[in-house]
Novice: 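Input: one structure, supplied below.
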There are 2 protein chains.
Amino acid sequence: MRRDVFQAIADPTRRDIIGLIAKKPMTPNGVAESFGVSRQAISKHIQILLECGLLGINPQGRERYYTVQPKKLAEVADWIDPFRKMWEGRFEKLDDIINTLKNEQNGSEK
Amino acid sequence: MRRDVFQAIADPTRRDIIGLIAKKPMTPNGVAESFGVSRQAISKHIQILLECGLLGINPQGRERYYTVQPKKLAEVADWIDPFRKMWEGRFEKLDDIINTLKNEQNGSEK
DNA sequence: TATATGTGCAATCAATCGATTGCACAATGA
DNA sequence: TCATTGTGCAATCGATTGATTGCACATATA
């Protein structure tokens with residue numbers, strides 16, 4: 001079963017769950033009340049987010065408060081970062097990869 | 001058919017394709033040679049990346065050179081940004097974070 | 001012209017996904 | 001104790017995904 005952060009945040013419901021829990025740690029029932037799906041469906045989404053490290057648990061009695069582990073999103077941010085430099089036009093600090101890209105693009109024009 | 005950037009980059013092969021084409025615009029055959037799957041499979045990945053705006057086309061004769069449109073990844077970076085502030089411990093703009101999350105939640109309701 | 005090459009599209013298939021229902025079990029409270 | 005509540009887990013189902021094969025068509029090349 002593939003459980004990486006990229007796949008986890010691909011689902012819009014899971015992104016909403018992350019956004020919700022980021023504001024305030026919540027229980028599965030609390031989260032489910034904010035969505036139009038069953039508690040079990042939310043529970044499965046939470047399970048996926050747990051398995052890839054995007055959420056943490058804080059049990060209180062029979063309730064389980066889930067919290068967001070935002071640091072885990074750095075994996076995505078790190079992958080995007082070189083491309084950010086491309087679209088922001090900050091070419092002064094580019095590594096060889098991006099320099100190669102620029103040269104090849106100019107060279108491939110007729 | 002859902003065609004958003006988050007779903008597009010969820011597949012590791014597609015992320016590899018983006019990384020490859022970012023170095024140098026490539027044809028489908030060129031890309032396929034770098035992977036262990038068929039040309040048609042690569043072609044379908046490219047189609048998905050095209051449909052969500054992550055790639056552009058530059059036809060040269062019967063060859064089609066695909067280029068990366070990095071700006072499209074800003075959609076993902078923008079979603080991550082409030083969380084980046086969380087994991088980097090910059091809480092001075094917490095109100096902005098909360099507001100951003102609120103807006104995102106409202107805007108993504110089905 | 002005829003042949004080879006580069007590419008896209010349709011059909012197909014196994015695997016996975018997102019959701020539901022039903023049940024089990026521990027913690028709470030009468 | 002016994003009923004209620006909060007939660008997790010298993011079975012199931014329809015839709016989607018990622019891959020393959022086969023074919024069509026335009027472009028290049030002999």
Side-chain angles (χ1 to χ4, degrees), chain A residues 1-21 24-68 104 108 110, chain B residues 1-21 24-68 76 105 108-110:
Chain A
M1 212 181 300
R2 188 157 58 86
R3 283 291 172 261
D4 61 280
V5 184
F6 287 90
Q7 186 258 351
I9 66 171
D11 185 87
T13 299
R14 282 196 288 270
R15 290 199 299 278
D16 287 345
I17 291 175
I18 294 172
L20 200 61
I21 297 183
K24 178 165 75 91
M26 295 186 75
T27 65
N29 274 337
V31 174
E33 287 169 4
S34 303
F35 294 90
V37 294
S38 67
R39 175 191 62 80
Q40 286 87 343
I42 296 295
S43 212
K44 281 174 69 174
H45 282 306
I46 289 179
Q47 191 60 29
I48 290 171
L49 295 170
L50 266 178
E51 285 176 12
C52 74
L54 275 168
L55 293 184
I57 320 183
N58 181 15
Q60 307 242 338
R62 70 182 158 185
E63 294 183 330
R64 320 187 92 202
Y65 284 87
Y66 290 97
T67 57
V68 169
E104 291 288 340
S108 69
K110 250 171 84 169
Chain B
M1 211 182 300
R2 189 156 57 89
R3 281 291 171 262
D4 61 281
V5 184
F6 287 90
Q7 186 258 349
I9 67 170
D11 186 88
T13 300
R14 283 198 287 272
R15 290 200 297 278
D16 288 344
I17 291 175
I18 294 173
L20 201 61
I21 297 183
K24 178 164 78 89
M26 296 187 75
T27 65
N29 274 338
V31 174
E33 286 169 6
S34 302
F35 294 90
V37 294
S38 66
R39 176 192 60 79
Q40 287 87 343
I42 296 294
S43 214
K44 281 174 66 174
H45 281 306
I46 289 178
Q47 191 61 29
I48 289 171
L49 294 171
L50 267 178
E51 286 176 12
C52 74
L54 276 168
L55 293 184
I57 319 181
N58 181 15
Q60 309 242 339
R62 70 182 158 185
E63 295 183 327
R64 321 187 90 201
Y65 284 87
Y66 291 95
T67 58
V68 169
V76 181
Q105 186 196 349
S108 64
E109 275 179 332
K110 296 179 196 174

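What you are looking at is a predicted structure, and each value in this text was computed from that prediction instead of being measured. Proteins come first, then strands; the chains are lettered A, B, ... in the order of their sequence lines, and each starts at number 1.
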Novice: Whether N29(A) contacts dT5(D) is assessed here as follows: a side-chain N or O lying under 4.0 Å from the phosphate OP1 or OP2. Is that the case?
Specialist: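 Looking at the OP1 and OP2 atoms of dT5(D), neither is under 4.0 Å from any side-chain N or O of N29(A).
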Novice: Could you tell me how far apart D4(A) (CG) and dC17(C) (P) are, to the nearest whole angstrom?
Specialist: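 Spelled out: CG on D4(A) to P on dC17(C) is 10 Å.
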Novice: What residues form a side-chain contact (heavy atoms from CB on, under 4.5 Å) with N29(B), not counting sequence neighbours?
Specialist: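 N29(B): side-chain contact (heavy atoms from CB on, under 4.5 Å) contacts with T27(B), R39(B).
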Novice: Would you indicate, yes or no, if dT20(C) has its OP1 or OP2 atom less than 4.0 angstrom from a side-chain nitrogen or oxygen of S38(A)?
Specialist: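 Indeed, a polar side-chain atom of S38(A) lies that close.
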Novice: Restricting to side-chain contact (heavy atoms from CB on, under 4.5 Å), what partner residues turn up for S34(B), sequence neighbours left out?
Specialist: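 Expected list: L20(B).
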Novice: Taking side-chain contact (heavy atoms from CB on, under 4.5 Å) as the test, write out the residues that go with E33(B), two or more places apart.
Specialist: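 Applying side-chain contact (heavy atoms from CB on, under 4.5 Å) to E33(B) gives none.
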Novice: Assuming nearest nucleotide by heavy-atom distance, tell me which of K44(A) and I57(A) is located more 5' along DNA chain D.
Specialist: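 With K44(A) and I57(A) compared, the 5'-side residue is I57(A).
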Novice: What's the verdict on side chain to side chain contact (heavy atoms under 4.5 Å, CB included) for T67(B) and L55(B), showing C-alpha distance, side-chain angles and the deciding distance?
Specialist: CA-CA 5 Å; T67(B) 58; L55(B) 293 184; over 6 Å; no
Novice: Measure the distance from CD1 on I48(A) to C1' on dC9(D) and round it to the nearest whole Å.
Specialist: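 Those two atoms, CD1 and C1', are 14 Å apart.
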Novice: Would I9(A) and L54(A) count as a side chain to side chain contact (heavy atoms under 4.5 Å, CB included) if you check the C-alpha gap in whole Å, the side-chain angles of each, and the deciding distance to 0.1 Å?
Specialist: CA-CA 9 Å; I9(A) 66 171; L54(A) 275 168; 3.9 Å; yes
Novice: Can a side chain N or O of Y66(B) be found less than 4.0 Å away from OP1 or OP2 on dG6(C)?
Specialist: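 Y66(B) to dG6(C) OP1/OP2: no side-chain N or O under 4.0 Å.
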Novice: Does S43(A) have a side-chain nitrogen or oxygen under 4.0 Å from the phosphate oxygens OP1 or OP2 of dT7(D)?
Specialist: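 It does not, given that no N or O in the side chain of S43(A) lies less than 4.0 Å from OP1 or OP2 of dT7(D).
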Novice: Give the rounded distance in Å between these two atoms: CZ of R3(B) and C1' of dT16(D).
Specialist: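 Atom CZ in R3(B) sits about 10 Å away from atom C1' in dT16(D).
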Novice: Give a yes/no on whether any side-chain N or O of R64(A) is located under 4.0 angstrom from OP1 or OP2 of dG6(D).
Specialist: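 Answer is no, no contact under 4.0 Å.
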Novice: Whether the side chain of Q47(A) and the base of dG8(D) hold a donor-acceptor pair under 3.5 Å is what I'd like checked.
Specialist: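 Such a pair does not exist between side chain and base.
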Novice: Which donor-acceptor pairs under 3.5 Å do the side chains of residues 56-65 of chain A make with protein atoms, sequence neighbours left out?
Specialist:
from	atom 1	to	atom 2	distance (Å)
E63(A)	OE1	Y65(A)	OH	3.2

Novice: Within this structure, what is the NE2-to-P distance between H45(A) and dT16(C), rounded to whole angstrom?
Specialist: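 Atom-to-atom, H45(A) to dT16(C), this comes out as 18 Å.
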Novice: What nucleic acid atoms does Y65(B) come within less than 4.0 Å of, heavy atoms only: base, sugar-phosphate, or nothing?
Specialist: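 No contact at all - Y65(B) keeps every heavy atom at 4.0 Å or more from the nucleic acid.
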Novice: So for the helix from dT1(C)-dA30(D) to dA30(C)-dT1(D), with five pairs setting each end axis, what is the inter-axis angle to 10°?
Specialist: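 If I round to tens, the end axes sit 10° apart.
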Novice: Grab the CD1-P distance between I42(B) and dT17(D) for me, whole Å please.
Specialist: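 Atom CD1 in I42(B) sits about 17 Å away from atom P in dT17(D).
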Novice: Relative to the 5' end of DNA chain C, which residue comes earlier, R14(A) or Q40(A), by the nucleotide with the nearest heavy atom?
Specialist: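 This one resolves to R14(A).
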Novice: With side chains defined as the heavy atoms from C-beta onward, is the minimum distance between R3(A) and I48(A) less than 4.5 Å?
Specialist: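 R3(A) vs I48(A): side chains touch.
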Novice: Across nucleotides 24-30 of chain D, 5' to 3', mark each nucleotide with B, S or - according to how protein heavy atoms within less than 4.0 Å reach it.
Specialist: ---BS--
